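Just follow the structure's listing: the first ligand is 1, and inside any ligand the first atom is 1. Bear in mind the structure is a predicted one, so any value in this text is a computation, not a measurement.
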Amino acid sequence: MKLTEIVVRHIKMPMKAPFTTSFGTIADKELLVIEAKDQSGIIGWGEAVAFTAPWYTEETLKTTWHMLEDFLIPMLCQRDINHPDEVSALFAPIRRNCMAKASIEGAVWDIYAQQTKQSLAQALGGAKRQIEVGVSVGIQPTIEQLLTLLKQHIQHGYKRVKVKIKPGQDVELVRAIRTAFPKLPLMVDANSAYTLADIEVLKQLDDFDLLMIEQPLAVDDIVDHAKLQRQLQTPICLDESITSYDDARRAIELGSCGIINIKIGRVGGLTEAKRIHDLCQTHHIPVWCGGMLEAGIGRAHNIALTALANFTLPGDTAGSSHYWYEDIITPEVTVENGYIAVPQSVGIGYTVNRETVERFTISQKVYQ
Ligand SMILES: O=C(O)CCC(=O)C1=CC=C[C@@H](O)[C@@H]1C(=O)O
Ligand SMILES: [Mg+2]
């Protein structure tokens, strides 16, 4: 395939409920929609998931667009590609900027799946017909509001719930949840809010039968994560620390985690996500698919990836209506009894609704 035209659209979508973390609140999600066309007219879709500020990783929506415009699109446009795996090899000389790379690589995978008349899940090697999903809950103003929300999610059938913790809002918060929901499959995400000095607090979390503790320590500290894991019974799940196959390899070798959260954007694309999945499978490390409050295109990519066998834990890919009044794909992603059906039609398996995308578009640019 040869990409002959790429359209980048900056869109802004109002969220049904703002998502609050210790770094701030996202009330409207801004993202880039990537539309790539090959020489035969097939269109593939990708989504750039970086936030507008660099608190989760160093990338932002603006840096993503800069990387696409000045480096990645010129490297890719008009070049002959036999398989999407070649894209990450082509981008290898560019350091990091994983979300920028993943956005356009995802569109190439979509085109490839259509060319080879497979669903994206099949093209990746995924055989699951349905995937188990959980939900991630942002910080709530009070514990009562959090418990009310959790009750709704449990009634909705989500297979597990993830809540945010930070120093001062941890042990007692988890105790309150456990008291209200003794059997709830529950995990916590700290987004790097702790250091090894907090080990006594983190050890107390072992009392609550948590599925895992996500990213307790610094992003670049797999050594301290290994020290912490040796003292905890609860598995550590790494999120921000894993941006590549090699990060995962080192973390596994050191014993820094028992579980890995794979986000396609964070690791630079579907090819790298699949490599990390395969590596973890070999080492008996279960994985699950993280979320970046994706619109429908990113959500479709997450679903396809999760169809791979070692995604044995429910991910954060909740249904479209959990986030959006209106998603940009038809049909929207729906969850039934905690499952999403993996589309079997060719490509991402959902149709991008151009009218909706245009309504949400702030600016756009065409590259040839
Ligand atoms: O997409 C979702 O619903 C999951 C969102 C989510 O939990 C996160 C998204 C981005 C940054 C974090 O706050 C958090 C995470 O770390 O996984
Ligand atoms: Mg996380």
Side-chain angles (χ1 to χ4, degrees), residues 13 15-31 47-61 64 98-99 102 131-140 146 149-150 153 156 158-166 169 186-194 210-219 225 235-243 247 251 257 259-267 273 287-303 305-306 313-324 327 333 335 338 340:
M13 295 173 69
M15 299 197 74
K16 262 190 185 170
F19 189 79
T20 301
T21 68
S22 47
F23 305 98
T25 297
I26 300 173
D28 298 311
K29 175 84 199 282
E30 293 183 44
L31 55 105
E47 182 174 323
V49 297
F51 298 120
T52 49
W55 56 264
Y56 171 72
T57 69
E58 64 278 15
E59 290 184 85
T60 68
L61 185 140
T64 309
C98 293
M99 293 175 184
I131 59 164
E132 274 192 308
V133 289
V135 64
S136 171
V137 181
I139 292 173
Q140 300 302 311
L146 175 63
L149 207 54
L150 294 185
H153 293 322
H156 202 269
Y158 282 109
K159 297 283 183 189
R160 69 104 174 98
V161 174
K162 162 167 135 183
V163 297
K164 299 279 174 192
I165 55 163
K166 60 179 184 182
Q169 270 181 46
L186 177 66
M187 60 172 288
V188 294
D189 185 359
N191 286 115
S192 296
Y194 297 86
L210 298 175
L211 295 169
M212 67 195 92
I213 301 174
E214 187 175 341
Q215 195 69 42
L217 309 179
V219 171
H225 275 108
I236 291 175
C237 169
L238 290 178
D239 175 359
E240 288 93 322
S241 291
I242 307 299
T243 66
D247 285 347
C257 62
I259 296 172
I260 289 179
N261 156 350
I262 300 181
K263 291 187 186 178
I264 302 166
R266 197 194 67 229
V267 304
V287 301
W288 55 277
C289 184
M292 288 292 288
L293 312 172
E294 286 92 347
I297 298 166
R299 207 157 289 282
H301 286 257
N302 287 348
I303 294 166
L305 180 69
T306 308
L313 296 165
D316 276 345
T317 308
S320 299
S321 66
H322 174 68
Y323 309 84
W324 317 116
D327 203 343
V333 174
V335 175
I340 293 174

Atom indices of ligand 1 within 4.0 angstrom of [X] heavy atoms, with elements:
X	value
Asp316	2 (C), 3 (O), 4 (C), 7 (O)
Glu214	17 (O)
Trp55	11 (C), 13 (O)

Is there at least one pair of N or O atoms, one from [X] and one from ligand 1, spaced under 3.5 Å apart?
X	result
Asn191	yes
Asp239	yes
Ser136	yes
Thr21	no
Tyr323	yes
Phe51	no

For [atom], what is the nearest protein heavy atom, given as residue, atom name and distance?
atom	answer
atom 13 (O) of ligand 1	Lys164 NZ, 3.0 Å
atom 11 (C) of ligand 1	Tyr56 CD1, 3.5 Å
atom 1 (O) of ligand 1	Leu293 N, 2.8 Å
atom 9 (C) of ligand 1	Gly291 O, 3.3 Å

Problem - Backbone or side-chain N/O/S of Glu240 under 2.8 Å of the Mg ion (ligand 2) - result: no
Exercise for the section: Among the N/O/S atoms of Glu214, select the one at the shortest distance from the Mg ion (ligand 2) and name it. Expected result: OE2
Taking C-beta and beyond as the side chain, do [X] and [Y] meet within less than 4.5 Å on heavy atoms?
X	Y	value
Leu313	Arg160	no
Trp324	Met15	yes
Leu150	Val163	yes
Thr21	Trp55	yes
Ile262	Leu305	yes
Lys162	Glu214	yes
Glu294	Lys29	no
Pro314	Tyr158	no

Problem - Heavy-atom proximity to atom 15 (C) of ligand 1, best of Met292, Lys263, Arg266 - result: Lys263
Exercise for the section: Consider only side-chain N and O atoms of Ser241 and Gln215, and report whether a donor and an acceptor are under 3.5 Å apart. Expected result: yes
Problem - Arg299 with Asp316: basic N within carboxylate O range, under 4.0 Å - result: no
Exercise for the section: Mind reading off the angle at the Mg ion (ligand 2) between the OD2 atom of Asp239 and the OD2 atom of Asp189, rounded to 10°? Expected result: 180°
Handout entry: Contacts of type side-chain hydrogen bond (donor to acceptor under 3.5 Å, both in side chains), residue Thr25, not counting sequence neighbours
Key = Thr20
